[in-house]
Amino acid sequence: MSAPVLSIIILAAMFLLATVLPLNMGALAFVGAFLLGTVVLGMSTTDILANFPGGLFLTIVGVTYLFAIAQNNGTIDLLVRGAVRMVGSRVALIPWVMFAITAVITAVGALSPAAVAIIAPIALSFAGKYKINPLLMGMMVIHGAQAGGFSPIAVYGVTVNGILAKTDLDFSPTALFLSSLVFNLIIAVVLFVVLGGRKLLSSRVGHFVEQAAEARMSVSVGAKAGSDVPFKGFGSGMYGPRDPAGDGVAATKERSERIPQLVTIAGLIALAVIALGFKVDVGFVSITIAIVLALVSPAAQKGAINKISWSTVLLICGMLTFVGVLEEAGTIEFVSNGVAGMGMPLLAALLICYIGAVVSAFASSTAILAALIPLAVPFLSTGEIGAVGVICALAVASTIVDVSPFSTNGALVLANAPESVDKDRFYKQILGYSGVVIVAGPVLAWLALVVPGWL
């Protein structure tokens, strides 16, 4: 058996094991890189580790560390409360505020599941209180997270842009970000219209900001068996269904606590300006700002290191190390020649989008992006099809399917369903919607971003 074929089998086995068993695919990828590299290819461990993505490691650690400090010192709570005040008494704006807040949180560096874990308990408690369709509210939160997920300083965006920076392809990080933002925004508009949003336009509530605090007292999945918890401000734990009181420090009006929040907001603005405007490495800038914030408010950084997404760091670093070994094995060229041999680049691009969508619905979107993009690069380098459009379509197709109840985001929404909602029925609704997205999403992304040839 040739090395390329064997490596593809190993890659498929890794995805299968990570889907069926509670194993981190990054850890599996390191093992796969070691065995494939040393046993099959005769590589030394030094050569294997040369493929370790040090830049991405620093970037993901930096942005998630910065976000953890922002959550701890109450800045995220402050932003959420500010957005809530904009609603006033208009119920129809509640789903859009939740969409926007989640998009902003992921755009500044939070992982998609982290943002959904923070906002989903709030959003779905509002859905129960104001008779908003819970499917509408839950999906608005998830699509909001995906809308901001490909900003140049977000984890998805950093991952894709980091991979492409090592190639000769001309690529636009701005096009990637806007493609995901606009695509998810359009989906949100359709959901709002189809799932009863128009009926909300005539609804009004009083004292919405005060009721937001009451909504935070509703119990999320982690504490539904117990009594209500005291309101502590917006913000919940980084990962998984949590007590809706959250882990964040409640923002107060005391000057001593406001100063770190204002410095944090200034730091986030500085990150965008320095990293995007002056093209300085996002990882170094973000971790520098995080350290400055830790010095300004030492108490706020307590526990922040534990909130760094170490599982994602392991996943991405392991996968990209494995991809480097795949390149040594000739797998990248082998797959690219196979795709090019189809003689139909548009069809090949559609096939890639569907592979990304189907696998991502059950496995990690980050992992599939880290695996598929390098495999597609040689095919895209031929110039037979627009590389920017294909990468953007693949990114969109591989992430919009995170609405699946088998993905972390979908599971978080299902777990935080209001008490009045039939969980079995809600599960079937999410499952049905995710089926529609898996079938229609890739082809719509392909039709919008690849076929016209404008990217």
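For the single chain, residues carry numbers from 1 onward in sequence order. Bear in mind the structure is a predicted one, so any value in this text is a computation, not a measurement.
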Would you mind reporting whether [Y] and [X] have side-chain heavy atoms less than 4.5 Å apart?
X: Ser125; Y: Pro418; result: no
X: Pro53; Y: Thr321; result: yes
X: Leu28; Y: Leu17; result: yes
X: Phe379; Y: Ile385; result: yes
X: Trp310; Y: Thr64; result: no
X: Met98; Y: Ile122; result: yes
X: Ile265; Y: Leu78; result: yes
X: Phe67; Y: Lys307; result: no

What is the minimum heavy-atom distance between [X] and [Y], and which atoms define it?
X: Val323; Y: Ala371; value: CG2-CA, 4.3 Å
X: Tyr65; Y: Ala290; value: CD2-CB, 3.5 Å
X: Val141; Y: Thr102; value: O-CG2, 3.4 Å
X: Ala349; Y: Val390; value: CB-CG2, 4.0 Å
X: Pro113; Y: Leu412; value: O-CD1, 3.5 Å
X: Pro173; Y: Asn161; value: CB-ND2, 3.6 Å

Got a donor-acceptor contact below 3.5 angstrom from the [X] side chain to the [Y] backbone?
X: Ser360; Y: Ser398; value: yes
X: Ser297; Y: Ala294; value: no
X: Ser434; Y: Ser404; value: no
X: Ser180; Y: Phe177; value: no
X: Asn24; Y: Ser311; value: yes

Pair Trp446 and Tyr354, ring centroids less than 6.0 Å apart: no
Phe150 and Tyr156 aromatic centres sub-6.0 Å: yes
Distance (rounded to the nearest 0.5 Å) between [X] [atom1] and [Y] [atom2]:
X: Ile94; Y: Leu136; atom1: CD1; atom2: CG; answer: 10.5 Å
X: Phe192; Y: Ile132; atom1: CZ; atom2: CD1; answer: 8.5 Å
X: Leu164; Y: Leu176; atom1: CG; atom2: CG; answer: 8.5 Å
X: Thr399; Y: His143; atom1: OG1; atom2: NE2; answer: 9.5 Å
X: Leu268; Y: Leu66; atom1: CG; atom2: CG; answer: 5.5 Å

Phe52 and Phe57 aromatic ring geometry - parallel, tilted or perpendicular at 30°/60° bounds: tilted
Geometric class of the Trp96/Phe99 ring pair [parallel <30°, tilted 30-60°, perpendicular >60°]: perpendicular
CA sep, side-chain torsions, deciding dist, call: Arg198, Val193, side-chain contact (heavy atoms from CB on, under 4.5 Å): CA-CA 6 Å; Arg198 288 175 296 177; Val193 172; 3.9 Å; yes
Asp281 vs Val285, side-chain contact (heavy atoms from CB on, under 4.5 Å): CA-CA, chis, key distance, verdict: CA-CA 6 Å; Asp281 184 84; Val285 176; 5.8 Å; no
Modelled atom types, side-chain donor and acceptor of Asp402 and Gln146, under 3.5 Å: yes
Distance-only donor-acceptor check, side chains Thr75 and Asn73, under 3.5 Å: yes
Neighbour count above 12 (heavy atom, 6.0 Å) for Asp170 CG: no
Test log, rule side-chain contact (heavy atoms from CB on, under 4.5 Å), inputs Tyr433 and Leu191: CA-CA 10 Å; Tyr433 174 67; Leu191 284 173; 3.5 Å; yes
Worked verdict on Val413 versus Phe426 for side-chain contact (heavy atoms from CB on, under 4.5 Å): CA-CA 10 Å; Val413 168; Phe426 192 39; 3.9 Å; yes
